[in-house]
2 protein chains.
Amino acid sequence: MSSTTVSTEIGSKSERAYAAIREKILGGEYTPGYRLVLAKLAEDLGFSVVPVREAIRRLEAESFVTFERNVGATVAGIDPTEYLYTMQTLSIVEGAATALSAPLITGSDIARARAVNAAMRESLAHFDPIRFTALNLEFHSVLFENCPNPHILDLVHRGWNRLQALRSSTFNYVPGRASESVAEHEALLKLLESGAGADDVERAARAHRAATLDAYLARNAGGQQDAPLHEKAPLARSL
Amino acid sequence: MSSTTVSTEIGSKSERAYAAIREKILGGEYTPGYRLVLAKLAEDLGFSVVPVREAIRRLEAESFVTFERNVGATVAGIDPTEYLYTMQTLSIVEGAATALSAPLITGSDIARARAVNAAMRESLAHFDPIRFTALNLEFHSVLFENCPNPHILDLVHRGWNRLQALRSSTFNYVPGRASESVAEHEALLKLLESGAGADDVERAARAHRAATLDAYLARNAGGQQDAPLHEKAPLARSL
DNA sequence: AAGTACGAAATCGTATACGATCAAGTTTGC
DNA sequence: GCAAACTTGATCGTATACGATTTCGTACTT
C-alpha cells in the first residue's frame with residue numbers, strides 16, 4: 001500500500017497509527033492472539049504512545065482487537081460464534097442497503113457487476129481464493145453503494161471489515177459454496193433487472209448471505225465441537 | 001492531586017469523563033452547538049486533558065458530538081436529515097432484534113409490556129411527555145432485549161442513544177401520534193401472543209417506527225423548507 | 001471603504017515522565 | 001511438599017509541557 005505517500009504525510013499521527021496497525025492486522029503480520037504492547041508499537045511505528053493508544057481504542061471499538069484494562073490489547077481471534085453474529089448482522093444491514101440501493105441502480109452498474117461475477121467464476125476455475133474474495137466485495141459493493149442512507153452504509157462497511165478481521169475467506173471456506181454463490185449472484189442481478197420491489201430484493205440479499213452461513217454451520221455440525229453453534233443455528237435461518 | 005484514589009470511584013478517568021459529558025449532553029446542560037473545549041472540560045471535571053480527549057473521541061464515534069481537527073468538538077445538533085437516517089436505521093435493526101426476540105419472549109414479558117403501555121396511556125392523559133418517552137423505551141426494551149445476537153442489540157442501543165442525543169422527544173412531537181403509538185403497541189403485543197412468525201413480527205415492528213417517521217415527515221411537508229426531506233421521504237416508507 | 005496581510009490568542013496534537021495496577025515468579029512459613 | 005504472602009517486572013493510565021495549527025482581530029494598502 002502507501003502508494004508513495006509524499007513527503008507531507010497526511011492525517012494526524014493517531015490516524016496514521018490506526019491505519020498502519022489495521023493494515024498489519026488485515027495483512028496477517030499481526031495474527032490473532034498477538035499482543036499489541038503500546039510502547040513496542042510506538043517504537044515500531046515511530047510514534048509516541050499517546051496516538052498509538054488512541055488508535056488502539058479505535059480498533060477496539062471496531063472489534064479488531066480486544067482490550068483489557070491495565071493489561072493491554074490483543075488481536076481479536078477467529079471465533080465461530082462471533083462469525084455467526086457478524087454474518088447475521090450483515091445479512092440484515094446489507095439486505096436493507098441493497099434494497100434501498102435497488103431503485104437507484106443503473107444499467108451500467110448491473111453490467112459492471114455481471115463482469116465482476118464473470119471474473120469470480122474465472123478465479124474460481126483458477127483456484128484463486130484471494131482474488132475471489134476481493135471480487136466478491138466488489139460485486140456486492142456495486143449493489144449496495146447507492147444506498148442513500150449513510151448510517152446504514154456505514155454499518156455495512158463495518159460488517160465487511162469485521163469479516164476481513166475474522167479472516168473469513170480462509171476461515172469459513174466450504175467446498176462447493178463458492179460456485180453456488182456465483183450462481184446466486186446472477187439470480188440477484190436478474191431480480192434487479194426485473195425491477196422487483198424492495199421487499200423482494202431485501203429477501204434475496206439476505207438469503208444469499210444466510211446461505212453462506214448455513215453452509216458453514218452445516219459443515220461444522222458434522223465436525224466435533226458442535227454444541228454451542230447448534231444452539232444458535234436457528235438464528236441464522238430465522239431471517 | 002489524586003493522592004488518595006478512593007475505592008468508591010470506579011472505572012478509569014476516561015470512562016468517568018465519558019459518562020459525565022454524556023450525561024450533561026443528554027441532560028441538556030450542554031445544548032447542541034455548545035463548544036466542548038478540552039482544557040475547560042478537564043478543569044470542570046477535575047481530570048486532565050488526556051482522558052477527556054479520549055472521552056470526546058468516543059462520543060464522536062457515537063455521534064454525540066462532531067469533531068474537527070485542530071478546532072475541537074461541538075455538541076451535535078438537531079438535524080431533520082439525521083433524524084430521518086437514524087429512524088430508518090433503527091426501524092431496520094430494531095425490527096430484526098424484535099423478530100429475533102419474539103420466539104424467546106415469555107408471558108410475563110408481555111404482561112409487563114402491557115402494564116408499561118397502560119402507564120403510557122395514563123401519562124398521555126396527564127400530558128407528561130418526559131414520562132411517556134421513558135416508558136416508550138421501556139416498552140420496546142421488553143420486546144427486543146431478548147435478542148440473542150449482541151451485535152444487533154448493540155446497534156439498537158446506539159440508535160436509541162442517538163435519538164436521545166437528537167432530543168427527539170421534543171423535536172419530533174406530532175399531535176395525535178402518541179395515542180396512535182399506544183394503540184399500535186397493543187396490536188404488537190397481540191401479534192406476539194398469537195405466536196406469529198419472525199417475518200410478521202419484523203414487519204410490524206418496522207411499520208410501527210416507520211409510522212412515527214411518516215407522521216413527522218407529513219407534518220414537515222406542510223411546513224416551510226420541505227424540499228430536501230421530500231426528496232428522501234420515499235426511503236421512510238420503502239421498508 | 002473594502003480587501004488583504006499579518007500577528008496574537010486560543011486550541012488542539014503529541015512527546016515525555018511518572019505513578020498505578022496487574023501477572024508472574026520467588027520466597028517464606030507451616 | 002504445598003500454600004500464602006511478598007517481590008519484581010512489565011504494562012497501562014494520566015499529568016504536564018510544549019510545539020503545531022487554526023481562528024480572529026487589527027492594521028495596512030489600494
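Proteins get letters first, then strands, A, B, ... in listed order; numbering begins at 1 in each.
Look at B/Ser14 and you'll find a side-chain N or O under 4.0 angstrom from OP1 or OP2 of D/dT14. Contact check, B/Ser12 against D/dC12: no side-chain N or O comes under 4.0 Å of OP1 or OP2. Remark: B/Lys40 is not in phosphate contact with C/dA10, judged by side-chain N or O atoms under 4.0 Å from OP1 or OP2. Residue B/Ser48 places no side-chain N or O under 4.0 Å from the OP1 or OP2 atom of D/dT14.
For B/Lys13, the listed nucleotide lying nearest its side chain is D/dA15; candidates were C/dT11, D/dT16, D/dA15. Closest to the B/Val50 side chain, of the nucleotides C/dG13, D/dC12, D/dT14, is D/dT14. Closest contact between the side chain of A/Asn70 and the listed nucleotides C/dT21, D/dT16, C/dC12 involves C/dT21. Checking D/dC12, C/dG13, C/dT11 against the side-chain heavy atoms of A/Val37 singles out D/dC12 as nearest. Nearest nucleotide to the B/Pro51 side chain, out of D/dG13, D/dT14, C/dT14: D/dT14.
Nucleic acid contact for A/Leu36: sugar-phosphate only, since backbone atoms but no base atoms lie under 4.0 Å from a heavy atom of the residue. Note on A/Val71: only backbone sugar-phosphate atoms sit closer than 4.0 angstrom, heavy atoms only; bases stay farther off.
Both A/Glu15 and A/Arg69 sit near DNA chain C, but only A/Glu15 has its closest nucleotide nearer the 5' end.
Taking each heavy atom of A/Val52 and A/Ala42 in turn, the nearest pair found is CG2-CA, 3.9 Å. For the pair A/Arg206 and A/Gly95, the tightest heavy-atom approach, listed with the atom from each and the gap, is CG-CA, 4.5 Å. Considering every non-hydrogen atom in both B/Leu100 and B/Pro148, the closest pair reads O-CD, 3.8 Å.
Put simply, CZ on A/Phe67 is 13 Å from P on D/dT11, counting in whole angstrom units. For B/Arg35 and C/dC12, the CZ to C1' distance is 10 Å, given to the nearest whole Å. If you take CZ of B/Arg57 and C1' of C/dT14, they are 13 Å apart, rounded to a whole angstrom. In this structure, the CD atom of A/Glu60 is 13 Å from the P atom of D/dC12, given to the nearest Å. Computed from coordinates, the A/Leu38 CG to C/dA17 P distance equals 17 Å when rounded to whole Å. Rounding to whole angstrom units, CD of residue B/Glu54 and P of D/dA15 are separated by 12 Å. Atom CZ in A/Arg53 sits roughly 6 Å away from atom P in D/dT14 (whole-Å rounding). Atom-to-atom, CD1 of A/Ile56 to P of D/dT11 comes out at 13 Å; the value is rounded to the nearest Å.
A donor-acceptor contact closer than 3.5 angstrom is absent between the side chains of B/Glu94 and B/His208.
Judged by the 6.0 Å and 45° rule, B/Arg16 forms no cation-pi pair with B/Phe47.
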